[in-house]
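Below is one structure, written out as structure tokens, with a few remarks after it.
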Amino acid sequence: MENNLYIFNTLSRKKEQFVPIHENKVGMYVCGPTVYSDVHLGNCRTFISFDIIYRYLIYLGYKVRYVRNITDAGHLEGDRDEGEDKFAKKAKLEQLEPMEIVQKYTIGFHEILSIFNTIPPSIEPTATGHISEQIEMVKSILESGFAYEIDGTVYFNVEKYSKNLPYGILTNRKLEDLLEGTRELDGQDEKKGRLDFALWIKAKPETLMQWPSPWGWGFPGWHIECSVMSTKYLGKTFDIHGGGMDLQATHHTNEIAQSQACNHTTPVKYWMHTNMLTVNGVRMSKSAGNGFLPKELFSGSHPLLERGYSPMTVRFFMAQSHYRSTLDFSNEALQASEKGFSRLMEGYKRLQKLTASAVSTIQTAGLRLKCEEAMNDDFNTPIAISHLFDALKAINLVYDGKETISVADLDELKIVFKTFIEDILGLKSENTTSTGNESYKKAIDLLLNMRLEAKQNKDWATSDKIRNELTALGFEIKDTKDGFEWKL
RNA sequence: GGUACCUUGGCCGAGUGGCUAGGCACCGGUCUGCAAAACCGAUCACGGCGGUUCGAAUCCGCCAGGUACCUCCA
């Protein structure tokens, strides 16, 4: 299959033409959430970005296997292979079983992603469901000589690995620099090298989630699950691995090392990293406390928000920036997106009502190609959207009777709009009136018909009163040549 | 301290050597009883200094400011 898709590969820090390993097929792995608390908006940005990427790959005709894991074990509070397990800590706080925590937040995560209209991945494996495979991989890494065991805990030997293979390729860093950057660890540490990380961690007696292993009871290190599950479902080498940029330096770097040590091959052809969401210029993060939850965003209940914004407004807002750029959250920016989105969707609805003429007096033919070119350039959604807005102008001109469009052009325009707005960008109309009941609609129509009569009698006082009061209730009233239109 | 990245008009946000990005806001106009919506038009730009070049927002250097990673986070 021929395509001109170019993807920015973190490995080379360049845009590279996308050539799948197996013709017509794409294997894509994205690091999913650790389900110990509510998913926050920054996480959502990454998953929405990859949702659009997934949708576009499908549009191009690829058969995509999209794997996104759920981390439900082994993720410690600190990454120094000490500290408390996140699930255990939360379980104590909420007085629940760790698996109740996992269940609760997994459901919440799915709910939110569904509200954002993302397509579920093909496979969503969990760490706890792959304990034996993780043990096998740890064994294999031990056999290859890149790991060592100390008292029930298995560590990856970074120094030894880096003698044979480049450890810091993903962040373009040398081992010496990394070592220099690592601060001295206070307290006891049994690791041989400062950069070494745990593959398997010995359980303490009070550890809630633990499994038997050749090294005694314990639980897997955080990084190993991704190596295991991506290998299992996508093979030793697969096409795309994605995740947030914050995972690049540690998690993904270690993942490469593990997979390489076990499978003796480069695990991933294209590494893709999404940039961070910021609030007032500072990264939105769990620890900084400036991250709001999707529900707070929808309802406007967070102190930083002036009011609520709908899920599709947020999705559109995110699509208006490129996935590799930071995106700054502000009320002003969200309101701008809300209006723009509303205008786009209004135009999309109008498009369905247009009547074709014998000839086109406007130029819309190249739209699909332009949008494809934008998406082919490392999924440049903001450019694709700008082309849709250009076409929107043409739609409105035809709607106003100032220009005409031919049947063929109209049909193509309808298909392209549907394809890019719904299928690729994953946007959908949120107009509530379409789901409202009939009597309610008729009541509004009745009021507006009364207003129409008042207008015909030039009773502007009554006519304005009806319109103003409805407007105050949130309705938008538009007068047309032969009547009116309204929406909530 | 080390490493990397960023700085675009009132706001958001594309763009990597010459050609109007786009959205929102604002201003003028068309339409309208007045509005709204829509359309047309105008205004506003590339952090600072220097260099390369016929030509730089785009390449190079320096400076200033900011952010991220190096410590859990998508």
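Chain identifiers are assigned alphabetically (A, B, ...) following the order of the sequence lines, protein sequences preceding nucleic acid strands; residue numbering begins at 1 within each chain.
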Subject >> Sole candidate of A/Tyr66, A/Tyr54, A/Phe109, A/Tyr323 that passes ring-ring contact (aromatic ring centres under 6.0 Å, His included) when paired with A/Phe47 >> reply: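 For A/Phe47, the ring-ring contact (aromatic ring centres under 6.0 Å, His included) check succeeds only for A/Phe109.
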If the condition is salt bridge (charged side-chain N to carboxylate O under 4.0 Å, His left out), which residues does [X] pass it with, not counting sequence neighbours?
| X | value |
| --- | --- |
| A/Asp459 | none |
| A/Lys370 | none |
| A/Arg467 | A/Asp464 |
| A/Asp246 | A/Arg283 |

Original post:
side-chain contact (heavy atoms from CB on, under 4.5 Å) with A/Ile107: which residues, sequence neighbours excluded?
Top reply: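 Once residues adjacent in sequence are excluded, the partners of A/Ile107 under the side-chain contact (heavy atoms from CB on, under 4.5 Å) criterion are A/Gln103, A/Glu111.
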Original post:
Mind checking what makes side-chain contact (heavy atoms from CB on, under 4.5 Å) contact with A/Leu327, not counting sequence neighbours?
Top reply: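 side-chain contact (heavy atoms from CB on, under 4.5 Å) check on A/Leu327 returns A/Arg45, A/Leu277, A/Phe317, A/Met318, A/Ser321.
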Pair [X], [Y]: side-chain N/O donor-acceptor within cut-off below 3.5 Å:
| X | Y | value |
| --- | --- | --- |
| A/Gln320 | A/Ser337 | yes |
| A/Asn69 | A/Thr71 | yes |
| A/Asn331 | A/Tyr309 | yes |

Original post:
Across the strands shown, which category fits A/Gly42 at heavy-atom distances under 4.0 angstrom: base, sugar-phosphate, nothing?
Top reply: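 The residue A/Gly42 makes base contact.
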**OP:** Would you jot down, in residue-number order, the residues of residues 316-325 of chain A having a non-hydrogen atom under 4.0 Å from RNA chain B?
**Re:**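 Listed by number, they are A/Gln320, A/Ser321, A/His322, A/Ser325.
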Original post:
Is there a residue in residues 372-389 of chain A whose heavy atoms reach under 4.0 Å of RNA chain B, and which residues are they?
Top reply: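 Correct list: A/Asn380, A/Pro382, A/Ile383, A/Ser386, A/Phe389.
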Subject >> Secondary-structure string, 5' to 3', Watson-Crick or G-U under 3.5 Å, | for another-strand partners, for RNA chain B >> reply: ((((((((.[[[)....(...]]]..((((.......)))).....[[[[[..)....]]]]])))))))....
Review item, nucleotides 6-11 of chain B N/O atoms under 3.5 Å of protein N/O:
unit_1, atom_1, unit_2, atom_2, d
B/C11, O2', A/Glu332, OE1, 3.4

Original post:
Hey, is the side chain of A/Asn396 poking within less than 4.0 Å of OP1 or OP2 on B/A38, counting only N and O atoms?
Top reply: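 No.
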Extract from the structure each pairing of a protein N or O with an N or O of nucleotides 25-30 of chain B at less than 3.5 Å, listing the distance.
unit_1, atom_1, unit_2, atom_2, d
B/A25, OP1, A/Lys339, NZ, 3.0

**OP:** Might you point out which heavy atoms bring A/Ser227 and A/Gln258 nearest each other, and give the distance in Å?
**Re:**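 Shortest heavy-atom contact: OG-OE1, 2.8 Å.
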Pull out every protein N or O sitting under 3.5 Å from an N or O of nucleotides 32-37 of chain B, one pair per line with the distance.
unit_1, atom_1, unit_2, atom_2, d
B/G33, O6, A/Ser463, OG, 3.1
B/G33, N1, A/Asp464, OD1, 3.0
B/G33, N2, A/Asp464, OD2, 3.0
B/C34, O2, A/Arg467, NH2, 2.8
B/C34, N3, A/Arg467, NH1, 3.0
B/C34, N3, A/Arg467, NH2, 3.2
B/C34, N4, A/Arg467, NH1, 3.4
B/C34, N4, A/Asp479, OD2, 3.2
B/A35, N1, A/Asp479, N, 3.3
B/A35, N3, A/Arg467, NH1, 2.7
B/A37, O2', A/Arg350, NH2, 2.8

Subject >> Residue met sooner reading RNA chain B from 5', once A/Thr326 and A/Arg13 are mapped to nucleotides >> reply: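 The residue mapped nearer the 5' terminus is A/Arg13.
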